[in-house]
Amino acid sequence: MAFLLVSSYLLLTHAHGAPSENGALMETLKAQVMLFSNTSEHYSAQVRPPGTNRRIPQTIIIGVRKGGTRALLEMLDVHPNIVVAATEVHFFDWDENYVKGIDWYRSLMPFSYENQITIEKTPGYFTSPQAPKRIHDMNSSIKLLLILRDPTERVISDYTQVYYNRLESHKPVQLFEDIVIKNGALNTKYKAIQRSLYDFHMEKWLKHFNLDQIHIVDGNTLIKDPLPELQKVERFLNLPSRIMSSNFYFNQTKGFYCIRSDGRERCLHESKGRPHPVVNSTVLEQLYSYFREHNANFYKMVNHSFDWH
C-alpha cells in the first residue's frame, strides 16, 4: 500500500508541479505516505526496502479503454511476484510525458525485488499511433497484456463513463442513440466506436511485436469467472501459480467480483460497474452488424475467436 501511495504522490508531483499546487488530494496522499514512512516528506530514499529498485515495467497492460484494465491490474496485484504502478502513466501516448524521458518514467514505478515483475497499465496505449513503436524502442522483447470485451458492450461502457463524468461536472448530456446515430446512419466517427475497431489497432501493434508477445485476456470472461483468465496470465508471464479462487468473492450488491488478499477485502472504485443505459434494439443491431467484419478480421489476426455478437 505504501508503494502505491508513494507512486501516486510522485505522479501528481511530476505531472502538476509542487505539492502545494495540488490541493487537498496531494495533502491527503502526502499524509498517508507519512503514516507509512513516519519520516519527512523526502520519502523517496527512506521508504525503499533493502534490495529493491524502481524498474522499467517488464509487462504493460496496453488496453483497451473500458475493457477491464483496472480489474485485471488489481487482480494481478494479488500475486506476490507482481508489483503494479498506482496510476495510469500515459508515458507512451502523451507527447508531453514522453519528452520527459525514461528516467522520469522509471521514477513513477513502485519499488520491486529482482524476482518481481513490474506492471504498468494505460488503456490509451492500444489506440495510440505512437505507443507501439515507442514501447518497442524501449524494450523489443517486452510482454504485453491486452484485455478486450465485446466491441458493442465496450462502446456502451465508454459512453456510460463519459455520461456520468459529465453529470458530475454539471455538463449537458446526450442519449446514447443521439450520439451513435447521425442522419439515420451509424456515426462511425464517434470515438467510442473507433476505439472498438480492434483489427485496425492490432495491425499497428503487430508491425512491431510478435503475436506471442501479446496475451489477450477475455474481459467478458474475467468479470464472470476471474481465475481461469488470471491463470493464463500467470503462465504467459512464466510466474508460479499463486492466485487462487479464495482471492475473489462475488459481491451481490455491486454485481461483480471483489478481491481478498493479505487479510483485506477490496472492491473496485464505485465508478466501476455502473448501470448501462437500455439501448434501442435497432441501434444495437446496427452496431453488431458494423463490428462483425472487423471482429472476423481480428480473429484471423490473433488466431483466436471470441464470443462476441
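The model shown is predicted, which means the values in this text are computed figures rather than measured ones. In what follows, residues are counted from 1 in the order of the sequence shown.
Transitive grouping of hydrophobic side chains (ILVMFWY, heavy atoms separated by less than 4.5 Å) brings M301 and Y125 into a common cluster. I62 and F200 fall into different hydrophobic clusters, where Ile, Leu, Val, Met, Phe, Trp and Tyr are joined by side-chain heavy atoms under 4.5 Å apart, directly or via other members. Each of F298 and F291 belongs to its own hydrophobic cluster when Ile, Leu, Val, Met, Phe, Trp and Tyr are linked at side-chain heavy-atom distances under 4.5 angstrom. Criterion: ILVMFWY side-chain heavy atoms under 4.5 Å apart, direct or through other members. Under it, Y288 and Y299 are not part of a common hydrophobic cluster.
Within the model, atoms CD1 of I119 and CE of M109 stand 11.5 Å from one another, a figure rounded to the nearest 0.5 Å. Atom CG of L211 is separated from atom CE of M202 by 5.5 Å, given to the nearest 0.5 angstrom. Here the straight-line distance linking atom CG of D103 with atom CG of L108 works out to 11.0 Å at 0.5 Å rounding.
W94 belongs to no hydrophobic cluster, as no Ile, Leu, Val, Met, Phe, Trp or Tyr side chain comes under 4.5 Å of its own. Connectivity analysis of hydrophobic side chains (ILVMFWY, heavy atoms under 4.5 Å, direct or indirect) links V278 to nothing; its cluster partners are none.
For K204, the NZ atom counts as densely surrounded, since its 6.0 Å shell holds more than 12 non-hydrogen atoms of other residues, nucleotides or ligands. Around OH of Y164, the count of heavy atoms belonging to other residues, nucleotides or ligands within 6.0 Å exceeds 12. Residue K182 qualifies as enclosed at atom NZ: its count of foreign heavy atoms under 6.0 Å is above 12. Around the CD atom of Q194, the shell of radius 6.0 Å holds more than 12 heavy atoms that belong to other residues, nucleotides or ligands.
For the residue pair T127 and R195, no side-chain donor N or O sits within less than 3.5 Å of a side-chain acceptor on the partner. When only modelled atom types and interatomic distance are considered, H294 and N297 share no side-chain donor-acceptor pair under 3.5 Å. Using modelled atom types, one finds a donor on one side chain and an acceptor on the other under 3.5 Å when comparing R266 with S261.
Using a 4.5 Å heavy-atom cutoff, the side chains of K143 and V233 are not in contact. Between R65 and Q161 there is a side-chain heavy-atom pair separated by less than 4.5 Å. Side-chain contact between I214 and L206: present, with at least one pair of heavy atoms (C-beta onward) separated by less than 4.5 Å. Proximity of L76 to L230: side-chain heavy atoms (C-beta onward) are separated by under 4.5 Å at one or more points.
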Under 3.5 Å, which donor-acceptor pairs link side chains of residues 110-117 to any protein atom two or more places apart or in another chain?
unit_1: S112; atom_1: OG; unit_2: N53; atom_2: O; d: 3.4
unit_1: S112; atom_1: OG; unit_2: R55; atom_2: NH1; d: 2.9
unit_1: E114; atom_1: OE2; unit_2: R55; atom_2: NH2; d: 3.3
unit_1: Q116; atom_1: OE1; unit_2: Y113; atom_2: N; d: 2.9
unit_1: Q116; atom_1: NE2; unit_2: P80; atom_2: O; d: 3.0

Atom pairs and distances, donor-acceptor, side-chain atoms in residues 236-248, under 3.5 Å, two or more places apart:
unit_1: N247; atom_1: OD1; unit_2: M244; atom_2: N; d: 2.9
unit_1: N247; atom_1: ND2; unit_2: R260; atom_2: O; d: 3.0

Show which side-chain atoms of residues 174-181 pair as donor or acceptor with protein atoms under 3.5 Å away, not counting sequence neighbours.
unit_1: E177; atom_1: OE2; unit_2: N280; atom_2: N; d: 2.9

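Salt bridge status for R106 with E120: absent, with no side-chain N to carboxylate O gap under 4.0 Å. A salt bridge is defined here as a Lys NZ or Arg NE, NH1 or NH2 lying under 4.0 Å from an Asp or Glu carboxylate O, and R134 with D137 fails to meet this definition.
Looking only at distances, a side-chain donor or acceptor of Q213 sits under 3.5 Å from a matching main-chain atom of I142. Although no hydrogens or angles enter the test, the distance criterion places a donor-acceptor pair under 3.5 Å between the side chain of R48 and the main chain of T52. Between the D150 side chain and the N220 main chain, no donor and acceptor come within less than 3.5 Å of each other. Checked by atom type and distance alone, the side chain of S289 never pairs as donor or acceptor with a backbone atom of E285 at under 3.5 Å. Using a distance-only test at 3.5 Å, with no hydrogens or angles considered, a donor-acceptor pair links the side chain of S128 to the main chain of Q130. Formation of a donor-acceptor pair under 3.5 Å by the Y257 side chain with backbone atoms of D225 is not found in this model. Remark: the backbone N or O of F126 is paired with a side-chain donor or acceptor of W205 at under 3.5 angstrom. In this structure, the side chain of E229 does not engage the main chain of G219 through any donor-acceptor pair within 3.5 Å.
Counting all heavy atoms, side chain and backbone alike, Y249 lies closest to C267 at OH-SG, 3.9 Å.
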As a quick check of understanding, evaluate side chain to side chain contact (heavy atoms under 4.5 Å, CB included) for L72 and K121, giving each step before the final call.
CA-CA 9 Å; L72 177 61; K121 78 103 175 169; over 6 Å; no
Side chain to side chain contact (heavy atoms under 4.5 Å, CB included) between N165 and E168, intermediate numbers included
CA-CA 5 Å; N165 287 345; E168 290 166 4; 4.2 Å; yes
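Residues satisfying the side chain to side chain donor-acceptor pair (under 3.5 Å) test with N139, not counting sequence neighbours, are S141.
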